[in-house]
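To keep things clear, I will list the structure first and then write my remarks on it.
Everything quoted here is computed from the prediction, not taken from an experiment.
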Amino acid sequence: MGKMCQLVMGPAGSGKSTYCSTMMTHCQTSGRSVHLVNLDPAAENFSYSPSIDIRDLISLDDVVEELQYGPNGGLIYCMEYLINNIDWLEDQIENFEDDYLIIDCPGQIELYTHFTIMRRLVETMARNGYRVCGVYLLDSQFIEDRAKFFAGVMSAMSAMIQLEVPHINVLTKMDLLGKRQDSAEMERFFDPDPTLLEEEANKTTQTKLHALNRAIVQLIDEFNMVSFIPLNIYDEDSVSMVLSHVDNAIQYGEDLEPKEPKVG
């Protein structure tokens, strides 16, 4: 099968831990040998016990207590410490030669936009033979505030450009939208329609800022990189759809040996 992993990213509150738990259950049910990797030094509770846990190397609580850093600065320090001691992670992943890893990452957006930390992590995984799929999550509730939604679109685009790996974007918590999740209106968010931002932003910003709004719209439109797959964790077909997109992105299963048919 080869070495495969999902790098699960997104802002705080986007549902990363819930996504990882749901995907773990789904993969195990389908017979995959799958392991959870926790790279969030501030994480506390898991539905599944991580097979690899950054807190065995360094924890946010220890950094805050010993160095008197705030939570954000402390988290960046932890991730830089991981990269500076990347041999620890390489030793850990050696134990999973032919397994599927789901990597739960921190929610600090600057890790994916301003720093090279996650890019260096991806390079390490690739150097050790892993096919990596970036999975960027965005809370579907952001559609209620178009400026916030398009800020999410921009951060997803930034992560795609920064990491340069096969990548999908997922709109989470679709179940909270009720009947609206099946409406035709949602297509303008699944395949982001930049005019939505300009229409809304121009109503609430000064005229002198309209040119800036237009420039952001043009940037999103011209790159045309970001689209979203909706995820309702209570709908098995929805979970399967997301996983199939990940599988396609990293060509999972293409080198599986065909099974011999059982003789009755």
Side-chain angles (χ1 to χ4, degrees), residues 6-30 32 34 36 45-48 102 104-105 107 109 112 133-160 166-205 213-214 216-217 219-221 223-249:
Q6 294 186 33
L7 192 69
V8 183
M9 307 167 283
S14 59
K16 293 185 296 298
S17 295
T18 301
Y19 171 91
C20 291
S21 175
T22 301
M23 201 56 67
M24 286 283 294
T25 300
H26 187 82
C27 288
Q28 288 183 347
T29 301
S30 62
R32 298 192 191 188
V34 59
L36 178 65
N45 301 310
F46 296 95
S47 299
Y48 290 89
I102 297 177
D104 191 358
C105 298
I109 294 300
Y112 316 106
C133 181
V135 181
Y136 195 93
L137 309 185
L138 195 66
D139 189 341
S140 63
Q141 305 307 296
F142 278 23
I143 69 172
E144 300 296 342
D145 183 336
R146 292 181 185 175
K148 185 183 291 187
F149 174 77
F150 279 96
V153 171
M154 295 287 284
S155 63
M157 184 189 301
S158 181
M160 295 172 77
H167 188 108
I168 69 167
N169 301 294
V170 178
L171 208 56
T172 61
K173 307 181 186 179
M174 292 296 293
D175 53 293
L176 298 181
L177 295 180
K179 293 181 179 179
R180 189 180 180 187
Q181 65 182 295
D182 299 316
S183 66
E185 165 204 20
M186 291 305 301
E187 292 299 328
R188 298 183 75 186
F189 293 97
F190 297 153
D191 190 8
D193 178 357
T195 60
L196 283 170
L197 173 63
E198 192 167 14
E199 291 168 4
E200 185 73 17
N202 285 351
K203 293 178 184 177
T204 56
T205 57
N213 296 337
R214 193 174 307 110
I216 294 173
V217 165
L219 178 67
I220 295 170
D221 193 39
F223 271 81
N224 195 27
M225 294 175 62
V226 180
S227 61
F228 290 95
I229 304 163
L231 175 62
N232 177 350
I233 63 170
Y234 302 106
D235 182 345
E236 199 67 24
D237 289 339
S238 178
V239 178
S240 294
M241 177 62 72
V242 171
L243 183 58
S244 70
H245 277 80
V246 173
D247 289 347
N248 184 63

query: Can we say Asp104 and Lys16 salt-bridge, meaning some charged N sits less than 4.0 Å from an Asp/Glu carboxylate O?
result: no

field: Point-to-point distance, once rounded to the nearest 0.5 Å, from CG of Leu171 to CE of Met174
entry: 5.5 Å

- request: Compare all side-chain heavy atoms of Leu36 with those of Phe46 and state whether any distance is below 4.5 angstrom.
  value: yes

Side-chain donor-acceptor pair present, Tyr136, Ser14, cut-off under 3.5 Å: no

query: Can you check side chain to side chain contact (heavy atoms under 4.5 Å, CB included) on Val153 and Phe228, steps first, answer last?
result: CA-CA 9 Å; Val153 171; Phe228 290 95; 3.9 Å; yes

- prompt: Under a 4.0 Å N-O cut-off, is there an ion pair linking Glu144 with Arg180?
  reply: yes

- prompt: Aromatic ring centroids of Phe149 and Phe189 under 6.0 Å?
  reply: yes

message: Looking at Phe223, I'd like to know if its CZ atom is crowded, meaning that more than 12 non-hydrogen atoms belonging to other residues, nucleotides or ligands lie closer than 6.0 Å.
response: no

message: Taking ring-ring contact (aromatic ring centres under 6.0 Å, His included) as the definition, give me every residue that meets it alongside Phe142, ordered by chain and number, with sequence neighbours left out.
response: none

field: Closest approach of Leu219 to Met157 (non-hydrogen atoms, all atoms of both residues)
entry: O-CE, 4.4 Å

- prompt: When rounded to the nearest 0.5 angstrom, what is the spacing between CD1 in Ile102 and CD in Gln6?
  reply: 5.0 Å

- prompt: If we ignore angles and hydrogens, is there a donor and acceptor under 3.5 Å between the side chains of Asp247 and His245?
  reply: no

- request: Calculate, to the nearest 0.5 Å, the distance between atoms CD1 and CZ belonging to Ile229 and Phe190 respectively.
  value: 10.5 Å

- prompt: Given Val242, which of Ile233, Thr172, Asn232, Ile168 fulfils the side chain to side chain contact (heavy atoms under 4.5 Å, CB included) condition?
  reply: Ile168

message: Tell me whether Met225 at atom CE has more than 12 heavy atoms from other residues, nucleotides or ligands lying less than 6.0 Å away.
response: yes

query: Do Gln28 and Arg32 come within less than 4.5 Å of each other through their side chains, counting heavy atoms only?
result: no

